[in-house]
Amino acid sequence: MRAQAQPQATDPILLMKGITKVYPNGLVANSNVTFEVRKGEIHALVGENGAGKTTLMKVLFGLEKPDEGSIFIKGEEVRISSPNDAIRYGVGMVHQHFMLAPSLTVAENIVLGAEPRKGIWFDRKRAEQVCKELSEKYGLHAEPAAKIKDVPVGIRQRVEILKALMRGSDILVLDEPTAVLTPQETDELFEALKSLKAMGHTIIFISHKLREVKELSDRVTVLRSGKVIGTRDTDQVTVEEISRMMVGRDVVLKPMRPKATGTRGEVRLLAKNLNLVQDGTQVLKDVTLQVRAGEILGIAGVEGNGQVELAEVITGLSPCDSGEIWVCGQDATGKSPGEIRDMGLSHIPQDRMIFGVASNASISENLISTRYDKRPVSNGFSLDIKAVAKLGQDLISRFGIKASSAQQAVGTLSGGNIQKVVIAREFSTEPKVIIANQPTRGIDIGATESVHKYLVDATESGTAVLLVSADLTEVMSLSNRLIVMYEGQVVAYFDEVQGLEEEEIGLYMLGLKRQEPDEVTASMMGRPVE
Amino acid sequence: MHPLLRAVFSASFAASILRVTTPVLFASLGAVVADLSGVVNIALEGMMLISALMGVIASAFTGSAWVGFLAGVASGILMGLVLGYFHLKLKTNVILAGIALNLLAAEGTVFLLYAVAHDKGVSSSLPSKVMPEIQIPIIKDIPVIGAIIGKQNVLTYLALIAVVMIYLFLYKTSFGLRLRAVGENPDAADSVGISVHKVQFIALALSGALAGMGGVHLSMGYVSWFSRNMTSGRGFIALAAKALGRNHPIGAFLASLLFGFTDALSNYMQSLRVPGEFIQMIPYVVTLVVLAVYSGRQLKSGRSSNE
Amino acid sequence: MNKRLVGLMLVAALLASVVLVGCGTKDPESQNGEGQEQQYKAVLLLAGNLGDMSFLDSANRGMQMIKEQLGWEVKVIEMGTDPSAWEPTLTDVSTQDWDLIITGTFNMQTQIEEVAPKFPEKTYVLFDVSVDYANGDYSNVYSILYRQNEGSYLAGALAAMVTTSDLPRANEEKLIGFLGGMDAPVINDFLVGYIEGAKSIDPEIKVAVSYVESYSDPAKGKEMCLAQYDMGVDIGFNVAGGSGLGQLDAAKERGLYAIGVDSDQAMLFKDSDPEKAELVLTSMLKRVDNSLFRAAKLFQEGKLELGKAESLGLKEDAVGLAINEFYERNVPEEMRAKLDELAQKVKSGEIQVPSALEMGPDAVKELRDSVAP
Amino acid sequence: MRRNAWFELLRTGVAIAAALIIGFIVTSLVSESPAEAFGYFLKGPFTSIRRFGSFLEAAVPLTFTGLAVSLVFSAGQFNMGAEGQFFIGAVAATAAGIFLDLPPVIHTVACLAAGMVAGAIGGFIPGILKARWNASELVASLMLNYVFLKLGMYLITYHLRDPSAGALVSLPLKESSWLPQFTRTTKLHAGVFVMFLVVFACYYFLYRTSKGYEARMTGQNISFARYSGIPVLKVMLLIQVLGGAVAGLGGAVEMLGIYRRFQWQASPGYGFDGVIIAILARNNPLLVPLAAVFLAYLRVGADVMAMYADVSAEMVSIIQAVIILLVTAEAFLAGYRHRLTLKEVKQRASAS
């Protein structure tokens, strides 16, 4: 180690210059991006999904090779072609999807790649010792001998941070760390980050939650469509200004919930006492709810409190252990996804790339996946190719999907357009019930607005919608009625959303407050139908 | 007693099980190592075949069985690296690459044999050596056990030792930890600076080395020459043994023993008047049944095994 | 997109074929036909590959004898193990100017039956199997059959004498072994002769019979023979191609006796493994070489009787035990004398050895069961 | 899209060229006159009508197993069972050809049906093991190949054997069951029509029917298929059964058209060839016959070379292996493609 001049507080510890990255499918993720971080600051990197934040950080961490550009760390140009290089230069990264091996222990995961050894053997005791010392030093507690698959999300994230710290990272990158955390966990994380900063670490914090950015960061850099829009001192800008930089215009998501018609329609979706145990934890506990024609029932809750499982159980993707599901008056309990769809149910899945589309198949093939055996595209045996093509054309123009033709592979579209393909398919079958799970996740503002519009339009024409979203603002602005889920249970029911305070809902989401289960059920179910 | 029964209940039958098990055991350990690193090695059959031939050729030209052994192991390693190159670097589907290597080995060995020994069937014109049999001093004198494990080919002992070594390697060394991490979540390994490809290359090389030892056992332990296609599907049986053994070296050992047992039994039962075809179906049918039963249990417990 | 790609590939394939056919007009076949003075030419087609240490190799030796002693031009073509290549190759050589087209083994029977009538001007020699002369005009085909049962009779007699003897490695069990490649008629013809020969020495003899069900798995062959030896067998006879070689390794490992087949298996290992060779008391030879040489000679002399099958046995020297140094050293004088005597009786017709080819599978099964240990 | 198709074609072409070059290098190592030997290899199949015919007829069984593998690959299944299904289909057709007593055309159809059913059962077993118990179809089908081989040999040996024949062969099939051959010079037979029928049937099934759509979507993204309401387990089972039926039918056609009596002692190896063909044809049934013809061309060429030159036919295995490895290597030439993409993106950027 050679001695270096002590950097001043304003010295850039990291400079990424002119970074351009084009993915093999032609997507330009970063275009001539220049990004500078000072030593000892918390620097927020914000932008909409798809703006190129994650790609930029992957380039920094050696996970993606840039097509052009150079990186300077502590004033020296470095070549980072693998995470190994990045680690050597003191860069640590906490990924959005945790980089942990589930069947290994906390300690094993932390020391992985830099294991203590005794001769040729792995020194487990020493590893656990190291792990314990680190936890104590940084106040991030985790049980060293526990297996990753057995510990909660918050702990897993701590393990990720500890992993980076153990490797001596002084530049710590966190990619949307709060997306999966409960508010308390978020608070704990922020405390930890602040104390790390106090110890001299530099933190790059990727987020699109502007309140968090405002609360935590010293400076903020905004990316839009792969380009840098600007870098500001956080205390010099307002949330609105950042937001404008992100989307390029003023955006105020106005509450646009469907007009309550006063008398709501018949019950279209009814779930009674659903229970589900997965891997030993009860992920659904006596969930009861009903959705009527012409209304949106929103489910608020921190992610990971049973919403995904609930959607999967209702749509037939997972079996439930006990309980009943009725769709449009038909018993859907234990039926297959196909049978339930035939009852008039549509489903916008949370993860569109896994469930929503077959990315190598063409747009029209994706559009017919729920009606390939029905008229007009099929006579029950053979496909009518012309009808398929026509349907593709129609839906592309009706839903404004930007594509060169209906034959284009879905995977080559942008995220928003892929979601539009899903929406087009799910809405165009004139469903009686729609389960919309995170319908606007990861798509741009324009697309989000149109998704909201489709949801509202469908509802106003009589569809029953069950909306799940981690974005509290979204749920509150769209829903007619609202429930809150916490640890697999419905802990609150609000018959009227207008006038509710987000803070109030937050208390329920965190499990700090709950309504009596019987009361919840009674007030939701007990209303007179007419 | 009926001579057949007498034979089946004899120590030499037990010894026969160990012998029959040896090549399958080597290969199934190779399958386990590759699989835990996240690569399905379907090329074991071809690796064994090529190693069997290279061992014979090298021992014939150097006059040393051990040089032959090393050459066999080295060619297994080379095959592993070739598989790794195509799968990891050129992104060939690993199963298709494995099939390609198997095809290459099946006929390529004949091609090579013809080029070296000018013979397309058997290498007996080459003065190749065999790996020695070893007697273990004290154990060989214990009545029954001595007859079973007291005197076996050195490679049979090596296979038994390999079970323990591979177990320790995978579960007690830091490289084993890395290997399992790579297999379970390559991104996790990558994010801490472990070169996933390097680990997988090493795993494939080790897998090839183990398959190579199995091949060498066939041509330089079991018999004393190479003959075309002499692996006769043992590499595929090894894959089944890996699957039955839940990707664990001890499990693979037990599964290989099961195959060894049914195979040895079919050899002994030939003299019963059951059509030979049925007896020889036993190992495969057993695999199918156990696979169904075992996978069924796995499915119930909520885990799926999509290879 | 698919249509476009299909069309494109079709065009490419067509283009390629046009170009290649264009290049290919100079037929390699025409290069062979430069007329020289009268030199006989024979071609041998092998349904399989050389190196079986058995009758394909023996046939190859026959061709060398024809070349060296009769001065013919000869060629050997290995057609490999894929049956779909056999008939095309046969038809191919039939269009060429060979005097004798020699092929053999049961694999080629139907092929000859198909092709020979199409080329009446050609002469075919078929060994180890016969065309069905009743079923068509095969006046240009000469078939050679081997009375392997006669040779095996001697092998069985030897085995029985050894197992009942007080030779150093013989035990008291009257049990001998047989390793077959497959439960197939030709293999069983060996077995029947072997059993009959053994019974002629001692009616109490039992025979342990195993089939490898493969001609290319020596490891399995060895394991089966080890199993036999462990059951009390002290001498075994292998008729299993490459798998059969496993018996010799088993014999060496247990220090017991073996009898080879088709080619002189002791001589295979004479130099590379003398210890093993010492245990191979003899081999039952199918002298394909002698029989092919005989056929070529008869053809040259104009005496080859086409349009019929000849069954050659001990009398014609087409089968017989290998007489080599190991045989002479390890088989006691009186046994050898007894074998000579039996051979004479077979040659003279005093002993008629039954044949599996005539008995049918059920009778073979019955015989096999009657000597089961 | 079009760029992709072109690129795939380019990659296949380059892979074949590279394989041929490697083949030539290997030939040079072992041959006295490599150019001549390689000439035989390349030109061999075209040097006479008969050879041309024989390589077309060799393409027939390859097409069937290629189609069978393409079907199961399309649904994302890794079934290696075409080998055993082809074999058992041939055995079943043999049995039907020997024992049934029917008028000509009907007898042929019955034999083909028998082969299909036997093959379908061969597909059903790994299919149901996978669908019902989630057992790896890869291992199951590999094991099943051996079971079918042994079972088939048992049936031939003990129930269908011709006792008068010196070899282990079945009784001859009744003439009423035969697929007629066109000429006396080649064995090209009416099974070719069956083959083309099946080619189009497979294409129609995959791309023009609802069930085929189900299969393809299951192959593309099984989670998506499940989510969309496609009964994926049924689809997997169906596609395995169909693939098995096609392979079994291939075995039957081969028996009725070429052999007319069962005489295999071992599995003829068309199943793994089917994998090569499916890969070359990108699982597209219409391309399968072309790929099969190409593979048959290599084989016949190698046989001709072995006959006239001093290089043994096994050389072709090296070429085959290299072709599989390179054609399926996604990263092979990917750099070239990436540069193309990059260039295009830049052009687009500068144009706007």
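To find a chain, count down the sequence lines: A is the first, B the second, and so on, and within it residues start at 1.
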Peer 1: Atom NZ of D:Lys211 and atom OH of A:Tyr372: how far apart are they, to the nearest 0.5 Å?
Peer 2: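 Answer rounded to 0.5 Å: 6.0 Å.
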Peer 1: Please determine, among A:Ser359, A:Gly356, A:Gly316, A:Ser404, the option with the most heavy-atom pairs under 4.5 Å with chain D.
Peer 2: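 Maximum pair count with chain D is reached by A:Gly356.
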Peer 1: I'd like to know if the side chain of D:Tyr213 and the backbone of A:Glu365 have a donor-acceptor N/O pair within less than 3.5 Å.
Peer 2: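 Between the backbone of A:Glu365 and the side chain of D:Tyr213 there is a qualifying donor-acceptor contact (under 3.5 Å).
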Peer 1: Specify the closest pair of heavy atoms between A:Ile354 and D:Ser223, including all atoms of both residues, with the distance to one decimal.
Peer 2: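 Shortest heavy-atom separation between A:Ile354 and D:Ser223 comes out as O-CB, 3.4 Å.
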Peer 1: Tell me if the CD atom of A:Glu430 is crowded by more than 12 foreign heavy atoms within 6.0 Å.
Peer 2: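 Open: at most 12 neighbouring heavy atoms sit under 6.0 Å from CD of A:Glu430.
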Peer 1: So which heavy atom on D:Asn221 is nearest to which on A:Met353, and how close?
Peer 2: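 D:Asn221 and A:Met353 have their closest heavy atoms at ND2-O, 3.5 Å.
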Peer 1: In Å, rounded to the nearest 0.5 Å, how long is the span from NZ of D:Lys234 to OG of A:Ser336?
Peer 2: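 These two atoms lie 7.0 Å from each other.
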Peer 1: For each of A:Asn366, A:Asp342, A:Asp384, A:Val388, tally heavy-atom pairs with chain D at distances under 4.5 Å, and name the one with the top tally.
Peer 2: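 Answer, by heavy-atom pair count under 4.5 Å with chain D: A:Asn366.
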Peer 1: In Å, rounded to the nearest 0.5 Å, how long is the span from CG of A:Leu383 to OH of D:Tyr207?
Peer 2: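 A:Leu383 atom CG to D:Tyr207 atom OH measures 12.5 Å (nearest 0.5 Å).
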Peer 1: Which atoms of A:Thr370 come close to chain D, meaning under 4.5 Å heavy atom to heavy atom: side chain ones, backbone ones, both, or neither?
Peer 2: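 For A:Thr370, heavy atoms of backbone and side chain both lie under 4.5 Å from chain D.
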Peer 1: Decide if atom NZ of A:Lys374 counts as having more than 12 heavy atoms of other residues, nucleotides or ligands within a radius under 6.0 Å.
Peer 2: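 More than 12 within 6.0 Å, yes.
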Peer 1: Counting heavy-atom pairs under 4.5 Å with chain D, which one of A:Ser31, A:Ala361, A:Ser378 comes out on top?
Peer 2: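 Option with the greatest count: A:Ala361.
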Peer 1: Give, as side chain, backbone, both or neither, the part of A:Leu317 having an atom under 4.5 angstrom from any heavy atom of chain D.
Peer 2: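 Answer is both: backbone and side chain atoms of A:Leu317 are under 4.5 Å from chain D.
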Peer 1: Is D:Tyr204 in contact with chain A via its backbone, its side chain, both, or neither, using a 4.5 Å heavy-atom distance?
Peer 2: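 It is the side chain, since no backbone atom gets that close.
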Peer 1: With side-chain contact (heavy atoms from CB on, under 4.5 Å) as the test, pick out the partner of D:Ser210 among A:Asp373, A:Ile368, A:Val377.
Peer 2: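 Only one option passes, and that is A:Asp373.
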Peer 1: Taking all heavy atoms of A:Arg425 and all of D:Phe224, pick out the closest pair and write down the distance.
Peer 2: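 A:Arg425 and D:Phe224 have their closest heavy atoms at NH1-CE1, 3.3 Å.
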Peer 1: Taking atom NZ of A:Lys390 as the centre, report whether more than 12 heavy atoms of other residues, nucleotides or ligands fall under 6.0 Å from it.
Peer 2: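 Not buried by this count: 12 neighbours or fewer within 6.0 Å.
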Peer 1: With a 3.5 Å distance limit and no angle check, can you tell me whether D:Arg226 reaches the backbone of A:Phe355 through a side-chain donor-acceptor pair?
Peer 2: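 Not a single qualifying donor-acceptor pair exists.
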